[in-house]
Amino acid sequence: MIKRRLSEKLGECFQRGIEAGFWSAAAGGAYVVEEPKQSTHGDFATNLAMIIAGREKKKPREVAAQLVELLAGEDELIARCEIAGPGFVNFFIQPAVWQSVLPEVCRQNEQYGLSAVGAGRKVLVEFVSANPTGPLSVGHGRQAVLGDAICRLLIATGHAVTREYYYNDAGRQMRVLGESTRARYLELLGLPFTFPEDGYQGEYIRDIARGMVEEFGDGQKETVEVTIFKERAERAIFADINSTLERLGIHFDNYYNEHTLYDSGLIDEVVAALRAKGLVYDQDDAVWFKATEFGHDKDRVIIKSTGEPTYRLPDIAYHREKFRRGFDWMVDIFGSDHIATVPDVLAGVEALGYDPKKVTVVLHQFVTLMRDGHQVKMSTRKANFVTVDELVDEVGTDVVRFFFLMRKADSQLEFDLDLATKQSQENPVYYMQYGHARLSSISRKAEEKGVARGELADADLSLLKEPEELALLKMLAAWPELVESAALDLEPHRVIFFMQEMAAQFHSYYNKQRIISEDLALSRARLWLAEGLRIILRNGLNLIGVKAPESM
RNA sequence: GCGCCCGUAGCUCAGUUGGAUAGAGCAACGGACUUCUAAUCCGUAGGCCACAGGUUCGAAUCCUGUCGGGCGCACCA
């Protein structure tokens with residue numbers, strides 16, 4: 001918020017400089033105001049003078065001097081300016097400005113950090129979208145938590161978010177699932193059976209079959225149709241997936257069944273629409289989409305010679321529905337193994353006359369699970385993969401969510417079970433939670449001692465002038481902007497890094513300065529600072545869906 | 001062979017549309033509990049930002065190439 005104020009002032013000066021004939025408007029929009037890494041370089045710095053100089057063959061430091069001249073008279077905001085290095089202008093903000101942030105934080109409380117940049121835009125976030133063939137694996141887990149955190153960020157920034165889970169309960173995969181279940185059912189009855197070659201070997205199939213034995217006895221042994229087995233399996237597995245998502249604190253607004261696309265004729269409609277535009281042709285008994293028209297290296301089959309669509313066609317039809325349902329922005333969260341489908345879908349919606357730029361695909365890399373210093377090998381088909389449920393059993397929801405979010409989506413994520421299992425010390429989850437607990441505890445302690453912080457209006461915040469205190473106040477001020485950028489860039493990990501930094505600064509401050517002391521006025525000011533920090537930590541933890549404990 | 005992602009401290013990773021002397025956690029070593037919670041803090045050590053060119057006032061960041069790792073490249077999803 002302070003940065004924004006400074007940017008506006010700087011913009012005005014830039015404008016006045018143009019009017020005064022110091023420089024042209026060429027540098028407009030090209031310069032930045034940023035926070036220097038080094039505190040000796042001020043609270044903020046701008047490269048404006050260097051940009052102007054570069055465009056107009058002037059000396060950067062001379063331009064900087066003119067700029068500083070124009071900024072004179074802003075001493076309510078700026079304590080002093082310095083020209084440094086190749087032509088940076090460094091700004092030192094008045095301490096009173098930083099202190100003024102605190103009442104704002106405390107007044108807004110839960111609201112602090114929320115914004116309206118989303119302007120109520122309708123966003124559809126599609127994630128997980130696992131077909132009901134088995135329990136959620138750790139890869140799904142990452143996607144589930146990532147998607148949910150992105151949704152929380154988008155909601156916090158004023159977007160109208162719909163969380164959607166897209167699935168397919170028809171198709172070959174599900175048929176194999178039904179056959180696998182039947183095989184186990186017959187096996188349990190001691191009857192001859194043939195297990196499908198690429199069947200699902202997990203123990204959960206046996207559990208489902210056991211349920212069917214209890215329900216039907218041997219009443220289904222003659223059943224040739226695989227439907228009932230498929231349905232029972234699907235129902236049981238979906239219930240399992242949903243309970244896992246529930247444990248992670250994730251709720252979907254909508255489940256979209258691929259089947260509805262067929263039932264309502266939307267698949268045929270898409271083919272007809274593409275055909276009408278001449279973007280589809282028949283060859284070798286199959287129907288091809290002219291992906292080459294959209295810069296791809298080859299055309300793609302959308303209907304096989306068997307008459308069955310490939311996955312591309314429903315995917316395209318589904319995304320067309322997202323547009324037709326009136327969403328302004330569509331976010332797809334996929335595992336990196338689905339990368340090949342992305343260009344096809346985007347070309348498809350473009351072919352149908354929609355703007356593919358309204359679709360943002362977040363691809364996340366895989367999760368490798370480490371235990372006892374070794375990678376846990378996993379194979380989906382076989383029984384030996386670790387489920388999200390097992391992970392939650394082992395380390396709890398907070399740790400699972402935190403670990404899945406602490407890397408950017410682009411990075412492969414190493415989930416170190418040895419580290420995650422540790423209840424103390426080096427486990428990074430507890431660092432922030434402990435910060436929150438400590439802050440809560442201080443407040444309780446103060447009340448016990450009868451030095452409650454009192455009314456905010458009565459506190460003398462100008463007493464918060466230690467370097468550590470000003471640094472903390474700056475972090476409070478930076479919070480809303482951080483939330484906004486993390487949201488718009490769909491990068492929840494930034495929230496974690498910010499909060500870790502803030503918790504670190506607080507812990508350090510705590511060890512150096514006493515909050516509750518003999519000096520009542522100072523105590524009150526510091527207690528309000530503590531309250532501000534607590535608010536940010538709690539709001540931040542809420543954003544990533546991790547609990548903010550009052551004590552630990 | 002082609003496309004996408006990645007390569008930063010011993011390990012796991014940050015690094016905001018190109019900015020000033022490249023950071024954190026863990027691991028290692030040495031310290032701090034009579035005091036608001038030591039699940040904490042302070043200090044030390046650790047680097048050719050894979051490599052080579054290029055773009056410019058300025059590159060971990062942008063471009064090209066090379067090497068190394070991951071994921072894809074179906075009339076599977």
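Below, chains carry the letters A, B, ... as their sequence lines are ordered, and counting in each starts from 1. Computed from heavy atoms alone, side chains included, the values below leave out hydrogens, waters and symmetry copies. Worth saying up front: this structure is predicted, and the values here are computed from it rather than measured.
Side chain of Tyr200(A) to backbone of Gly178(A): no donor-acceptor contact under 3.5 angstrom is found. In this structure, the side chain of Asn131(A) engages the main chain of Asn168(A) through a donor-acceptor pair within 3.5 Å.
Atom pair Gln365(A):CD and G7(B):C1' shows a separation of 13 Å (rounding to whole Å applied). Atoms CZ (Arg407(A)) and P (U8(B)) sit 13 Å apart, rounded to a whole Å. One can place CZ of Arg300(A) at 7 Å from P of C75(B), the figure rounded to the nearest angstrom. Atom CD of Glu414(A) is separated from atom P of G70(B) by 14 Å (rounded to the nearest Å).
Stacking between His338(A) and G72(B) is absent: the ring centroid is not both under 5.5 Å from the six-membered base ring centre and under 30° in plane angle. Put simply, Phe88(A) does not rest on the base of G19(B): the two rings are not both less than 5.5 Å apart at their centres and under 30° in tilt.
Evaluation of the side chain to side chain donor-acceptor pair (under 3.5 Å) rule for Arg142(A) yields no partner, not counting sequence neighbours.
Leu522(A) CG to Glu466(A) CD: the interatomic distance, rounded to the nearest 0.5 Å, is 8.0 Å.
The side chain of Val32(A) has U17(B) as its nearest neighbour among A20(B), U17(B), A39(B). Of the candidate nucleotides C41(B), U21(B), C4(B), C41(B) has the atom nearest to the side chain of His507(A).
C57(B) and A24(B) have their P atoms separated by 33 Å, with the value rounded to a whole Å.
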